[in-house]
Amino acid sequence: MTASLGSVPTGRTVTSPFSRVYGLGSIYGKTIRDSRLAFIIAAGLLGGMALVMGVAISSVFPTAASRLEVDKLIGSMPASMVNLFGKPVSLGTLGGYMTFKYGAIFALGTALWSIFALSSTLAGEARRGSLDLVATAPFGKRRIALEKVAAHLTMLGLAMAILAVMTTASSTLFGDAALGDQIPLLSSVGFALWCGFLAVFFGGLAFALAPLLGRAGSAGVASLVMLVLWVANGLDVAGIVVLSPFRWTADHIALVGRYDWLPLGLVGVVAVAFLAIGVELFVRRDLGVTAGLSLPRLPAAVLGVRGPISRAFGDQLPRALSWGIGLGLMGALIASLVGPMASQLGKDPNLSKTFAAIFPGLDLGSTGGWLQLYAELLFIAAGFAAATFVSRWASDETDGRLEMVLTTPLARARWVIAGGTAAVLAVVVMTVLFAAGIGLGAASGGVSAGDPMVGSAVLGVYAAAIAGVGFAVGGLWRTSLAAEIAALVVVATYLVDLIAPPLKLPDWIHELAVTAHLGQPMVGQWDVGGLIACGVIAVGGILLGAWGMARRDVD
Amino acid sequence: MTAVIETERLTKSYGSHRGIIDVNLVVQEGEVFGFLGPNGAGKTTTIRTFLDLIRPTSGVARVFGIESSADPVAIHRRIGYIPGEFTLYDRLTGGQTIEYFGNLRGGVDPAYRAALIERFDVDPSRKFKEYSKGNKQKIGLVVALQHRPELLVLDEPTSGLDPLIQQSFYALVREAQAEGRTVFLSSHILSEVERTCDRVAIIRDGRLVKVDSVEGLRDLAHHEVELRFVDGVPAEAFEGLPGVSDIVVQDHVLRMRVSGPITPVVQAAARYELLDFVSREPTLEETFLAQYGHEAVEVARP
């Protein structure tokens, strides 16, 4: 005897006529749909930064005389700084200054997006278990891989188009054409293509490695290769530098009208080759079977099985170590360059005077002075780290573990507080590694680094505050949005802090950015009020989350 | 007997979506209680509500006499639960996962835990993410059983288990019952409920449609009766009998459906010379389908 469902006229249709618009009509469409949040963040950050550049430069260096001061920097900088941060050509113009100070940041940031997107587009789906279903749809594996790649390239292309348009719009709206600030659309497109091609180069590398190493392994290796090739270009490391696409394209300074299309094309060709390798490996290898990386495993003792705090901390520890090592390397790199820079400044009083005019109040002969220059970026990195800690905590609920956890004698509020405590401990681990990196870098350059090592604690306090925001959102509302909202707070804080002064927005708007209240911690100037505010947000957010969690349904 | 689980007009709505409506349920101490229903009927919502994972829109749920939202921790201390769908910690091994949940509860007998691992035939040294679906389920079962809870709440517990391990699981349920513990077993596998449960509740479209003993549910059902006559089939002799319907004649064979007592059919058949008399006792599955069969479910013969 068999049972079969009879026709049940429910009046509902199975497919919506708008399903294709929603991204449910194809693998390409679904991938576009899945990457919409990352696109919004990436395009918003890139376009926003381009816009802010115009506002900032036109307000900080509004006259020809002040621009000339900036121009004096040309030719008086150590090669390592020149290559690392971008070629100083026409620094007195918006395009030149933007390329020098932020060009590499635009390229590295875009490349990180591509690395994470392309490493996870197939490997991540395999890990979730959804790839088997997709792969048994009536499409070949090659088509699946190509649609996934095409979707990312589409989103990347759109983001680059926004970057180009915003760059030209910024120069038109805020720049001074008489001072050479106007950036034609061709230049902006050339700059966006440079960022985009570098992104696909490293993202393609991650995509090629993903069938072998899995999501995390491929993203890690590609990120490391990117960092090594960038630094190798900056420090002119013999042997490796010839492999660096940053070196290949060093003469492509599109924002000042200098184009070097051939090397850029070479970057594109290599990127396509990487993507093709990735597609073929995906086609030929067993689905979802990766070799992984034989990294040393964390000892069982630190994985945490004794209680909720140790378990949550055990879950956070690999991320904390990754962020800490990454930030530590960055701190070490900057600190190690301070010695030669200080020596250069000491020899040239005019150069010293120029720097003092551009960066008032900062002692660029010190490690802290240089690190304070990059405080904004460090705060962004620490904030995003905190968002990933929130994400890990949230995964208890979003991945489906929480039901089993909460049907033990563990109260909901205690689960949130344990998770919050573990996230704060993870922030501590990250911060200590960052401080250690600064110390090691400074020691290698023969300079002291006491202030920035202590000041790095402020990064930790800020990260804890961001985590507090995430925990509050997760507890009160839903964990599936907690990390995203925490990340948005990081972006909004950065933009408000950056844009409010040059736009002469009311003080209360600027003060909304908690980073505006943190002083200059890398040079030993602490703002106690801001630290207390961060502490209150961190602790209050966790407690608020605990209170909310006790009152809402578990998803 | 003491009620271990008790719900009064328990209702949960998800906005415009139906959850469960006015569910009244009493599960007594020491019984194995089956909770049957098709996918989406409200089984998991009912469980999640009385375990305080979600809060009722109206109505009350009590477990061990404690209102579920008043002191959930006190309830959770005394239960073992395996959800219908779950995942655990990818980086931990199966053994570490079991140990962690044991630590959360405290008071776990390591020897009993080891015995469970052996009975379920699972390798605890592998990472959770490396397990097959069935082995993940085994880990979940050990987590739920290791502390000998007073109440076992099992949502689709044999999903993914091979038949041998299913036998081990049924034996453990019987042992739990023999020790006076209570088992709440949600399932859509009717044979599983039939072989393990004392009483069964059937939920459909969020409403409880029947609560009865397994035997009682069987009694509700019709009998499929088949008579093979030596000579021609006297169909008219059976047409008017109480409870008889769906008479079909094929050569010397008469088939009919009999609801309620079968005695009138036996008495009528005795007046004729028969080669065979077959009355098939309905399975719970047939009962279940009959319960649902009025609108949405059709029973087709092969």
Side-chain angles (χ1 to χ4, degrees), chain A residues 1-10 126-129 214 216 288 292 297-312 314-319 392 395-415 418 549-555, chain B residues 12 14 38 47-49 51-55 71-93 95-106 129 133 140 143-144 147 153 155 224 283 285-286 288-289 292-293 295-302:
Chain A
M1 185 174 275
T2 59
S4 61
L5 281 175
S7 59
V8 185
T10 60
R127 188 168 173 270
R128 280 199 303 270
R297 287 183 175 181
L298 289 171
V302 297
L303 282 172
V305 294
R306 296 208 58 78
I309 294 179
S310 70
R311 178 79 286 276
D315 258 359
Q316 299 283 14
L317 191 55
R319 287 182 186 212
R392 185 69 211 181
S395 72
D396 266 3
E397 186 171 20
T398 54
D399 286 358
R401 282 186 294 275
L402 193 56
E403 278 196 42
M404 289 192 78
V405 172
L406 287 186
T407 48
T408 67
L410 179 69
R412 294 172 181 217
R414 200 172 150 221
W415 171 70
M549 190 68 207
R551 279 155 183 77
R552 71 164 173 85
D553 289 348
V554 175
D555 280 339
Chain B
K12 177 67 182 178
Y14 300 98
I47 292 173
R48 286 164 58 84
T49 308
L51 291 180
D52 189 50
L53 293 171
I54 54 178
R55 302 280 159 73
D71 191 356
V73 173
I75 295 170
H76 296 164
R77 196 167 280 125
R78 299 163 68 181
I79 68 157
Y81 172 53
I82 182 162
E85 287 179 22
F86 66 92
T87 185
L88 290 168
Y89 304 96
D90 282 350
R91 291 198 188 96
L92 296 188
T93 64
Q96 288 169 332
T97 302
I98 293 166
E99 183 186 346
Y100 172 58
F101 280 94
N103 288 336
L104 285 183
R105 294 190 171 281
K129 65 181 176 186
K133 184 182 176 185
V143 166
H147 53 289
V153 181
D155 193 357
E224 293 287 341
T283 63
E285 180 161 359
E286 287 157 348
F288 180 75
L289 291 172
Y292 285 97
E295 296 132 30
V297 178
E298 290 178 352
V299 179
R301 292 179 180 81

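Within every chain, numbering begins at 1; the chains are lettered A, B, ... in the order of the sequence lines, protein sequences first and strands thereafter.
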With a 4.5 angstrom heavy-atom cut-off, is it the side chain or the backbone of B:L92 that approaches chain A, or both, or neither? side chain
Under 4.5 Å heavy-atom distance to chain A, tell me which part of B:D52 shows up: side chain, backbone, both or neither. both
Checking A:D396 against chain B: side chain, backbone, both or neither under 4.5 Å from a heavy atom? side chain
Checking B:Y100 now: which residues fulfil ring-ring contact (aromatic ring centres under 6.0 Å, His included) with it, not counting sequence neighbours? B:Y89
Any chance you could measure A:R311, atom CZ, to B:L104, atom CG, to the nearest 0.5 Å? 10.0 Å
Contact winner vs chain B - A:D553, A:L406, A:D399, A:D555, heavy-atom pairs under 4.5 Å: A:D553
The interface call for B:R48 against chain A, heavy-atom contacts under 4.5 Å, is side chain
If you define the side chain from C-beta out and look only at heavy atoms, does anything of A:E403 sit under 4.5 Å from B:L51? no
Who among A:L402, A:V405, A:L410 has the most heavy-atom pairs with chain B under 4.5 Å? A:V405
Identify, with sequence neighbours excluded, every residue that meets side-chain hydrogen bond (donor to acceptor under 3.5 Å, both in side chains) alongside A:E397. A:T479, A:R552
When the 4.5 angstrom heavy-atom criterion is applied to B:V143 and chain A, the contacting part is side chain
Under 4.5 Å from any heavy atom of chain A, what part of B:K12 do you find: side chain, backbone, both or neither? side chain
Validation row: B:H76, A:T408 side chains within 4.5 angstrom (heavy atoms): no
Please give me the minimum heavy-atom distance between A:M404 and B:L88, naming the atom from each residue. SD-CD2, 4.1 Å
Please identify, among A:S395, A:S310, A:A550, the residue contributing the most non-hydrogen atom pairs under 4.5 Å to chain B. A:A550
If you measure from OG1 on A:T407 to CD1 on B:I75, what distance do you get to the nearest 0.5 Å? 11.5 Å
A:R412, part contacting chain B, at a heavy-atom distance under 4.5 Å: side chain
